[in-house]
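Notes follow once the structure below has been shown.
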2 protein chains.
Amino acid sequence: MATPDGLRVTRVSAPIRSQVVDNIRQAIIDRRLLPGERLVERELVESMGVSRTSVREALRELAAEGLVHTVPNRGTVVANVSREQAMQLYRVRATLEGLAGQLFAETASPAQRRALKKAYDAVVATYSKGNSVVEVKDRFFDVLLDGTGNDSLAAIARSLHARVSVLRALTLSVPGRVDHSMRELGDIMAAIDASDGDAARRACAHHVEEAGRVLSLALPS
Amino acid sequence: MATPDGLRVTRVSAPIRSQVVDNIRQAIIDRRLLPGERLVERELVESMGVSRTSVREALRELAAEGLVHTVPNRGTVVANVSREQAMQLYRVRATLEGLAGQLFAETASPAQRRALKKAYDAVVATYSKGNSVVEVKDRFFDVLLDGTGNDSLAAIARSLHARVSVLRALTLSVPGRVDHSMRELGDIMAAIDASDGDAARRACAHHVEEAGRVLSLALPS
DNA sequence: TTTTGTATGATAGACATACAATCTGTCTGA
DNA sequence: TCAGACAGATTGTATGTCTATCATACAAAA
C-alpha cells in the first residue's frame, strides 16, 4: 500500500519522561544548568511537576548519553568535561564531522545543497552584523548532518556536540577565533560546492580540530 | 597525606540497576536475546528477581545506547538493525576504528604493543586450529581500543560494536570471509608494528568496510 | 590541637502497590 | 461482513516505605 509521508500521523502523546529528558538536555546545552551542578531528584520533581519515577528514568537516559554523571548514593550532576576528555571528544568529533562533510559533498541532493547554502548565507549575514554566530552555525551543521543520508552518524555527531556544548562559552571568548572559524566554514562550503568529498572531509575535520586547539588554550589545564 | 592507591576501596556493590543493564546487554550481544524479541517488564522482574523500578531504569539506559527500542505504550524490544542502518553503522565504525588504529600506531606504549601482539597471536593460533575467531578477535580490538589513549573513542566504538553484534552471525557464515579477515588483521598488525599511523588507519578502516561489504551481501535486502 | 567517635539530616537506591492510559485482540449484534 | 464494544495485557505514572550512604557538625579523647 502506498502511504504518502504527508499522511503519516506523528505520535501525539510523548511520554512525560521524554519531555523531562528534553527539558534537562536543552537546559544543559543552553548552559542554564552548568557542569557540576547537582540535579536533586526532589527539586526536579517539584519544579517540573512530575513524579520521581519519570525524573529518575530521565536521568538514566541522560547518564547513558554522557550528559550527566551519576554517583551511587550521591546523586546526579551535570557532566563535567575535563580538559583531557574534551580533547578526546574533539578528536572524535573531527573525524566524524569530516565523514559527514565527505558524505554530504558526495551524496547530498540539490535541495539539501540549497538548504546548506542558505544556512551558510545566514551565518555570513549574522557575522557581518557582528552578532553571535552560535545558533546559525549550529543550524548549518544540522543541515549538513541531515544531508549525509546517514542518520546514525548524525545522531552520534549531535550527541557529541551536546556533550561539549558546555565548553562553548570558552571557545568563543578567544579573540580572533570567530574570524578563523568563518574562513574555515567558507572552505567547507567551497569543497561541498565542488562536490569534492575529500576536500570537504579535510575542511570539516580541520574546522573541529581548530576549535579543539583553541579550546585547549582557553581551558584551565 | 600519602594515600597509596593500593588501599583504595573499590565500590563493592554496583547498583542493582547496572547489573540488570549488564545482564541484558550481554544477552543481546551473545544473541541469547534476538532482534525484535520483546522485553516484557513483568517477565524481566520475575526472571531477574528485582523490582520493576530497576528494570525500567535499566531499559531506559539500554534504549539510550540504541540496543533496544521503546515504543510508547507498547513496550521494549531488542533493536532490529535494518540493512540500511547496518550500512550506516559500519561506515561510522570504519571511520572510528580507523582513527583508533592510527592513534594506537602513533601513541601506544611498548607494553600495549606487546599486549596487542599477544592478542594477535591468539587470533592466529585459534584460526590455525580451525576454531571460531570471534572471541579472540573481539579481544584484539579491545586491546587496540585501550591503547588509543582515548577513552571516549573507545566507549563510542564499543557501543557501535555492540549494536551491530546482533548481525555477526551473518558475517561469519559467508564462505572465505574469515581468510580475508585474517589477512586484513595482518595488515593492521604490520602497520602498527611499523608505527605507521596512516597505514594503520587505512588498514583498520578497510577491515571494517570489508566486513560491512560482506554483510550487505548476506543481509536480506 | 589533633584525632576519633557519634549523632543527625539529606539524599539516593530499591521495592511494593495502585491506578490510569493505551494497545490488541475477540466477541457481539446489526 | 464489519463497526463497535469489551476484556485482558502491558506500559506509564504516581506514591509511600524502608534502607544505605554520604556530609556535616559536634562532642570526646588523646
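Residue numbers start from 1 in every chain, and the chains themselves are labelled A, B, ... in the order their sequence lines are given, proteins ahead of strands.
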Mark yes when over 12 heavy atoms from residues, nucleotides or ligands other than B:Glu84 sit less than 6.0 Å from its CD; otherwise mark no.
-> no

Atom CG of A:Leu44 and atom C1' of C:dA12: how far apart are they, to the nearest Å?
-> 13 Å

Under 4.0 Å between any heavy atoms, over every strand shown, what does B:Leu39 touch: base, sugar-phosphate, or nothing? Just pick one.
-> sugar-phosphate

Hey, does B:Arg56 reach any base, or is it just sugar-phosphate, or nothing, if we go heavy atoms under 4.0 Å?
-> base

Report the distance from atom CZ of A:Arg42 to atom P of C:dG9, rounded to the nearest whole Å.
-> 15 Å

For the residue pair A:Lys137 and A:Ser181, confirm or rule out a side-chain donor-acceptor distance under 3.5 Å.
-> yes

CZ of A:Arg163 to CD of A:Glu65, rounded to nearest 0.5 Å, is 9.5 Å

From D:dT10, D:dG12, C:dA14, nucleotide with atom closest to B:Arg17 side chain = C:dA14

Round to a whole Å and report the spacing from CD of B:Glu57 to P of D:dT11.
-> 16 Å

For D:dT21, does either OP1 or OP2 sit under 4.0 Å from a side-chain N or O belonging to A:Arg74?
-> no

Find the distance B:Glu41:CD to C:dT17:C1' and express it as a whole number of Å.
-> 15 Å

Could you state the NE2-P distance from A:His69 to C:dA12, rounded to the nearest angstrom?
-> 17 Å

Mind checking the CG-CZ spacing from A:Leu103 to B:Arg91? Nearest 0.5 Å is all I need.
-> 5.0 Å

Set out, line by line, the N/O atom pairs under 3.5 Å between protein and nucleotides 14-16 of chain D.
residue	atom	partner	partner atom	Å
D:dA14	OP2	A:Ser51	N	2.6
D:dA14	OP2	A:Ser51	OG	2.7
D:dA14	OP2	A:Ser54	OG	3.2
D:dA14	N7	A:Thr53	OG1	3.0

Is it the case that A:Thr70 and A:Thr76 place a side-chain donor and acceptor less than 3.5 Å from each other?
-> yes

A:Arg113 CZ: over 12 foreign heavy atoms closer than 6.0 Å = yes

With the side chain of B:Asn73 defined as its heavy atoms from C-beta on, choose the nearest nucleotide among C:dG13, C:dT11, D:dG12.
-> D:dG12

A:Leu59 CG to C:dT11 C1': how many Å, rounded?
-> 13 Å

Return the minimal non-hydrogen interatomic distance between B:Ile28 and B:Leu67, and the atom names on each side.
-> CD1-O, 4.0 Å

